[in-house]
> 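Attaching a single structure in structure tokens format; questions to follow.
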Amino acid sequence: MATPAVGAACLLLARAAGAPGPRRGGGGGDQARPRRQQRAVRRRCVAELSREGPAPRPMPQLAPPLVPGFLAPPREPAPEREPASTPPPVPDDGLGDLDLGLELEQIAENSINNTVVVASEQDSKIMVGKEQESEIMVGKEQARAKVTHSIVFVTGEASPYAKSGGLGDVCGSLPVALAARGHRVMVVMPRYLNGTSDKNYANAFYTEKHIRVPCFGGDHEVTFFHEYRDSVDWVFVDHPSYHRPGNLYGDKFGAYGDNQFRYTLLCYAACEAPLVLELGGYIYGQNCMFVVNDWHASLVPVLLAAKYRPFGVYKDSRSILVIHNLAHQGVEPASTYPDLGLPPEWYGALEWVFPEWARRHALDKGEAVNFLKGAVVTADRIVTVSKGYSWEVTTAEGGQGLDELLSSRKSVLNGIVNGIDINDWNPATDEHIPCHYSADDLSGKAKCKAALQKELGLPIRPDVPLIGFIGRLDYQKGIDLIKLIMPTLMREDIQFVMLGSGDPELEDWMRSTESNFRDKFRGWVGFSVPVSHRITAGCDILLMPSRFEPCGLNQLYAMQYGTVPVVHATGGLRDTVENFNPFGDNGEQGTGWAFAPLTTENMLWTLRTAISTYKEHKSSWEGLMKRGMSKDFTWDHAAEQYEQIFQWAFIDQPYVR
Ligand SMILES: Nc1ncnc2c1ncn2[C@@H]1O[C@H](COP(=O)(O)OP(=O)(O)O[C@H]2O[C@H](CO)[C@@H](O)[C@H](O)[C@H]2O)[C@@H](O)[C@H]1O
Ligand SMILES: OC[C@H]1O[C@H](O[C@H]2[C@H](O)[C@@H](O)[C@@H](O[C@H]3[C@H](O)[C@@H](O)[C@@H](O)O[C@@H]3CO)O[C@@H]2CO)[C@H](O)[C@@H](O)[C@@H]1O
């Protein structure tokens with residue numbers, strides 16, 4: 001059980017989090033709120049903090065604590081195995097110091113164990129004594145980690161198995177990058193079967209391991225499937241609730257009503273997997289680094305603290321919460337807490353109170369449980385997917401109700417910009433595009449443009465700027481603003497193509513705009529990875545007017561393909577798109593346009609600037625393309641920064657023991 005001090009700390013944090021949460025219902029979605037509402041929220045937070053908070057609601061006695069590896073026969077822990085593939089040696093590429101915003105000393109000062117002082121790399125290796133050290137390899141290009149770990153990613157999606165957006169891209173590629181650096185890496189995600197993309201799991205085999213998860217009033221049997229690919233152990237949790245038509249999280253009627261159950265199962269299974277699965281003959285064991293992504297995986301650090309560490313299990317493990325998008329927090333009514341199988345005294349870790357304006361009626365107390373908040377208060381460290389976003393989440397405007405709580409954890413909060421998988425996203429090798437090209441020879445790009453125009457039935461004109469948008473049709477992406485400027489934009493000599501699915505109203509708008517502007521506009525409603533590649537390659541400009549963007553991948557893909565991004569300067573977009581400056585110290589600079597504030601006038605003005613640069617300043621345009629293409633967005637740099645975070649996490653004692 002939690003120590004009284006920790007329990008009290010959790011309750012205190014939970015009380016501070018009497019701040020608002022996502023709008024009620026439907027698996028916990030929310031969007032940025034108008035400022036007026038946010039001010040009301042802040043006033044309420046202050047009021048909450050200044051009064052004695054209510055005692056936690058008594059909760060019914062729950063299922064007995066989970067016994068680790070509870071279905072598996074008693075066993076001796078197996079030794080860690082060496083990573084199966086050993087990349088060829090590489091030279092020390094002199095990877096420089098990491099600018100993660102916090103000094104090691106400051107981290108140590110803020111840690112629970114204040115006696116930890118990191119003086120040198122050697123010291124830090126001693127602190128993480130149980131970790132296996134690997135040499136810095138010399139030879140080819142693959143850099144290797146100085147210290148390797150057993151890493152367990154937990155996620156709702158990972159490409160190519162299941163993807164609804166950027167989370168799938170990151171969880172499909174960062175684990176591979178870390179494995180290539182020498183870590184032993186497992187990814188745990190659901191085995192979604194929907195009848196159409198089931199072939200994605202064709203190489204995953206039944207492990208014969210079953211466990212029973214004590215939650216939601218029963219013991220629910222889940223099984224594990226496994227595929228070893230790209231030096232990563234891909235582990236698929238199998239349960240009937242993951243087998244249904246529709247997309248990962250919902251269908252045409254909205255988010256699935258049992259998402260809380262589905263991802264509770266995932267989290268329990270992910271905690272058991274390192275203990276019970278002998279992958280390549282060896283379990284991962286108790287000394288793991290759990291990397292939990294978004295709300296779907298957020299119960300993991302709570303389970304570690306509430307159900308494992310009290311029994312001496314996972315004492316040497318740590319957890320990192322990676323926030324890809326604060327808009328989704330996994331919020332459900334407080335009455336669901338007993339379903340989660342957690343001890344009553346841990347209610348405070350998930351406790352969440354909606355602001356009054358978000359409540360449904362006068363008697364509604366707004367009491368809820370919030371999965372993401374649970375990880376914010378129990379994970380050892382927190383990473384957002386860009387540095388800019390790591391600051392934004394601590395503000396009332398960007399924190400989606402979690403800002404005060406995230407601010408209270410600033411000392412363990414860092415931002416790391418996502419990388420991209422250049423095996424998938426490389427114009428010189430891309431299997432989805434008709435012609436290949438590179439910064440040295442751009443002729444293939446013109447051919448890709450012509451092929452795209454042909455495919456879309458647009459006039460094949462090399463001279464007309466072709467503008468693209470790719471993304472989930474969601475309030476976050478600012479598509480309503482694109483909608484507002486479209487009649488004006490359609491007066492220009494341009495072509496515009498949009499690929500997206502989501503909000504049915506926006507889907508209808510795309511269809512009707514296409515029929516109104518047949519020679520200029522195409523709206524491709526649906527989700528198609530090959531089409532997204534062809535648009536990225538064939539367009540001249542990619543528009544991303546996102547209201548907020550934790551990192552954004554499409555602008556990175558665009559730059560890689562010589563497609564110039566025009567973006568709202570927010571979050572990761574501001575971090576990654578450098579504004580065009582024709583009068584830079586060493587000549588022209590920049591890789592695109594990043595405008596702010598986000599208004600329709602601003603967006604139109606910036607697009608017109610981009611269009612006229614394209615039409616009238618060909619050499620400047622080529623410079624913009626080539627500078628974007630020469631940026632290094634590969635995962636290796638980000639992977640190295642994650643390693644730094646792992647190191648810091650292992651230096652500290654577990655945040656919640
Ligand atoms: N209709 C469609 N057809 C085919 N492909 C489509 C598609 N709609 C979207 N995609 C693809 O989905 C991915 C979207 O990634 P983003 O990072 O741009 O946004 P997303 O909001 O989903 O991710 C969240 O998580 C990522 C990862 O951390 C953060 O970068 C981001 O800011 C955050 O909002 C891209 O690969 C894109 O091509
Ligand atoms: O990779 C794309 C994004 O995928 C995740 O977002 C999904 C979210 O986690 C799911 O809960 C669900 O969101 C629904 C939300 O719960 C509900 O209240 C309502 O607002 O509808 C939402 C859409 O169905 O789907 C999201 C994907 O659309 C991931 O958490 C994000 O980081 C990724 O950006």
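Ligands are counted one by one from 1 in listed order, and the atoms in each one are counted from 1 as well.
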> Of the side chain and backbone of Ser528, name the one, both, or neither that has a heavy atom under 4.0 Å from an atom of ligand 1.
backbone
> Checking side-chain contact (heavy atoms from CB on, under 4.5 Å) between Asp169 and each of Leu553, Asn418, Leu556, which is the one that passes?
Leu553
> Does Gly250 come within less than 4.0 angstrom of ligand 2, counting non-hydrogen atoms of the residue?
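So Gly250 does not count as touching ligand 2.
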> Does a salt bridge link Arg547 with Asp480, judged by any charged N lying under 4.0 Å from a carboxylate O?
yes
> Distance to 0.1 Å, residue and atom name: give those for the protein heavy atom nearest to atom 31 (C) of ligand 1.
Glu549 OE2, 3.2 Å
> What atoms of ligand 1 come closer than 4.0 angstrom to any heavy atom of Val170?
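Here the atoms of ligand 1 in question are 27 (C), 28 (O).
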> Determine whether the side chains of Lys373 and Ser298 contain a donor N or O and an acceptor N or O closer than 3.5 Å.
no
> Can you tell me if Gln495 and Gln453 form a side-chain donor-acceptor pair at under 3.5 Å?
yes
> With a 6.0 Å cut-off on ring centres, are His220 and Phe261 close enough?
yes
> Pairing donors with acceptors under 3.5 angstrom, does anything connect the side chains of Thr634 and Asp636?
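No, Asp636 and Thr634 have no side-chain donor paired with an acceptor closer than 3.5 Å.
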> Quick one: which ligand 2 atoms are inside 4.0 Å of a heavy atom on Gly166?
1 (O), 2 (C)
> Which residue and non-hydrogen atom of the protein lie closest to atom 12 (O) of ligand 1, and at what distance in Å?
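Scanning the protein heavy atoms, the shortest distance from atom 12 (O) of ligand 1 goes to Gly165 CA, 3.4 Å.
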> Looking only at non-hydrogen atoms, which of Gly526, Gly572, Ser159 approaches atom 1 (N) of ligand 1 most closely?
Gly526
> Should one rank Met544, Gln555, Arg472 by closest heavy-atom distance to atom 21 (O) of ligand 1, which comes out on top?
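Ranked by closest heavy atom to atom 21 (O) of ligand 1, first place is Arg472.
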> Report the relative orientation of the aromatic rings in Tyr242 and His239; use parallel for angles under 30°, tilted for 30 to 60°, perpendicular for over 60°.
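Perpendicular, since the angle between the ring planes exceeds 60°.
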> How far is atom 34 (O) of ligand 1 from its nearest protein heavy atom, and which residue and atom name does that atom have?
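Checked against all protein heavy atoms, atom 34 (O) of ligand 1 sits closest to Gln476 NE2, 3.0 Å.
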> Tell me which part of Val531 gets within contact of ligand 1: side chain, backbone, both or neither, using heavy atoms under 4.0 Å.
neither
> Would you say Arg472 has any N or O atom under 3.5 Å from an N or O of ligand 2, going by distance alone?
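There is such a contact, yes.
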> For atom 14 (C) of ligand 1, what is the closest protein heavy atom, and at what distance to 0.1 Å?
Gly166 N, 3.4 Å
> Can an N or O of Leu499 be found at a distance shorter than 3.5 Å from an N or O of ligand 1?
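No; every N/O pair is 3.5 Å or more apart.
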> Which heavy atom of Arg181 sits nearest to which heavy atom of Ala639, and what is that distance?
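Closest pair (atom of Arg181, atom of Ala639, distance): CD-CB, 3.6 Å.
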> Specify the closest pair of heavy atoms between Glu157 and Ala162, including all atoms of both residues, with the distance to one decimal.
CB-O, 3.3 Å
> Name the closest protein heavy atom to atom 19 (O) of ligand 1, giving the residue it belongs to and the distance to 0.1 Å.
Lys477 NZ, 3.1 Å
> What atoms of ligand 1 come closer than 4.0 angstrom to any heavy atom of Lys163?
11 (C), 12 (O), 36 (O)
> Relative to the heavy atoms of Leu167, which atoms of ligand 1 are at a distance of less than 4.0 Å?
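Heavy-atom distances to Leu167 below 4.0 Å select 25 (O), 27 (C).
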> Which atoms of ligand 1 are found less than 4.0 Å from any heavy atom of Asp169?
13 (C), 35 (C), 36 (O)
> Are Lys631 and Glu578 within salt-bridge range, i.e. N to O under 4.0 Å?
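The answer is yes: the pair qualifies as a salt bridge.
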> Quick one: which ligand 1 atoms are inside 4.0 Å of a heavy atom on Tyr557?
36 (O)
> Could Arg191 and Asp238 be called an ion pair, given the rule that one side-chain N must be under 4.0 Å from one carboxylate O?
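The answer is yes: the pair qualifies as a salt bridge.
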> What do we get for Glu157 next to ligand 2 when only non-hydrogen atoms under 4.0 Å count, side chain, backbone, both or neither?
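Just the side chain.
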> I want to know whether Tyr201 and Phe236 have ring centres closer than 6.0 Å.
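Tyr201 vs Phe236: aromatic centres under 6.0 Å.
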> Applying a heavy-atom cut-off of 4.0 Å, say which part of Leu167 lies close to ligand 2: side chain, backbone, both or neither.
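Both of them.
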> Check ligand 2 against Trp295 and write out every atom of the ligand that is under 4.0 Å from a heavy-atom position of the residue.
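Contacts of ligand 2 toward Trp295, numbered from 1: 8 (C), 9 (O), 10 (C), 11 (O).
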> Would you mind listing which atoms of ligand 1 come within a distance below 4.0 Å of any non-hydrogen atom of Asn325?
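That gives atoms 34 (O) of ligand 1.
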> How are the rings of Tyr389 and Phe548 set to each other: parallel, tilted or perpendicular (split at 30° and 60°)?
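Ring orientation, 0 to 90° scale: parallel.
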> Can you check whether Gly165 has an N/O within less than 3.5 Å of an N/O in ligand 2?
yes
> Starting from atom 6 (C) of ligand 1, what is the nearest protein heavy atom, named by residue and atom, and what distance separates them?
Phe527 CE1, 3.4 Å
> Using a 6.0 Å distance limit plus a 45 degree cone around the ring axis, check whether Arg244 lies over the aromatic ring of Tyr256.
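Checked: cation-pi criterion met.
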> In terms of side-chain geometry, is the basic nitrogen of Glu392 or Arg574 positioned less than 4.0 Å from the acidic oxygen of its partner?
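Salt bridge: yes.
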> Can you check whether Asn418 has an N/O within less than 3.5 Å of an N/O in ligand 1?
yes
> Under 4.0 Å from any heavy atom of His324, which atoms of ligand 1 are there?
24 (C), 25 (O), 27 (C), 28 (O), 33 (C), 34 (O)
> Pick one of side chain, backbone, both or neither for how Leu553 approaches ligand 1, counting any non-hydrogen atom pair under 4.0 Å.
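Both parts.
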> How far is atom 37 (C) of ligand 1 from its nearest protein heavy atom, and which residue and atom is that?
Asn554 OD1, 3.3 Å
> Should Lys163 be listed as contacting ligand 2, given a heavy-atom distance under 4.0 Å as the test?
no
> Which of the atoms in ligand 2, numbered in the order shown and given with their element, are less than 4.0 Å from a heavy-atom of Asn325?
31 (C), 32 (O), 34 (O)
> Below 3.5 Å, N or O to N or O, backbone or side chain included: is there any such pair between Tyr249 and ligand 2?
no
> Can you tell me if Asp251 uses its side chain to pair, donor with acceptor, with the backbone of Asn247 under 3.5 Å?
no
> Answer whether the closest heavy-atom distance between the side chains of Val292 and Pro301 falls below 4.5 Å.
yes
> Asp294 heavy atoms, cut-off 4.0 Å: which ligand 2 atoms fall inside?
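Close to Asp294: 29 (C), 30 (O), 31 (C), 32 (O).
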> Under 3.5 Å, is there a donor on one side chain and an acceptor on the other for Gln641 and Asn414?
no
> Indicate yes or no: does an N/O atom of His324 lie under 3.5 Å from an N/O atom of ligand 2?
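In this structure, His324 places no N or O atom under 3.5 Å from an N or O of ligand 2.
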> Please name the pair of heavy atoms, one in Asn200 and one in Pro160, separated by the smallest distance, quoted to 0.1 Å.
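So the minimum-distance heavy-atom pair works out to ND2-O, 3.1 Å.
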> Would you mind running through ligand 1 and noting each atom that sits below 4.0 Å from a heavy atom of Gly471?
8 (N), 9 (C)
> Considering distance alone, does some N or O of Gly552 sit under 3.5 Å from an N or O of ligand 1?
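Yes, since at least one N or O of Gly552 sits under 3.5 Å from an N or O of ligand 1.
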> Tell me whether Cys551 has any N or O atom under 3.5 angstrom from an N or O of ligand 1.
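Yes, Cys551 has an N/O under 3.5 Å of an N/O on ligand 1.
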> Once the angle between the rings of Tyr249 and Tyr263 is folded into 0 to 90°, is it parallel (under 30°), tilted (30 to 60°) or perpendicular (over 60°)?
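If you compare the ring of Tyr249 with that of Tyr263, the planes turn out tilted.
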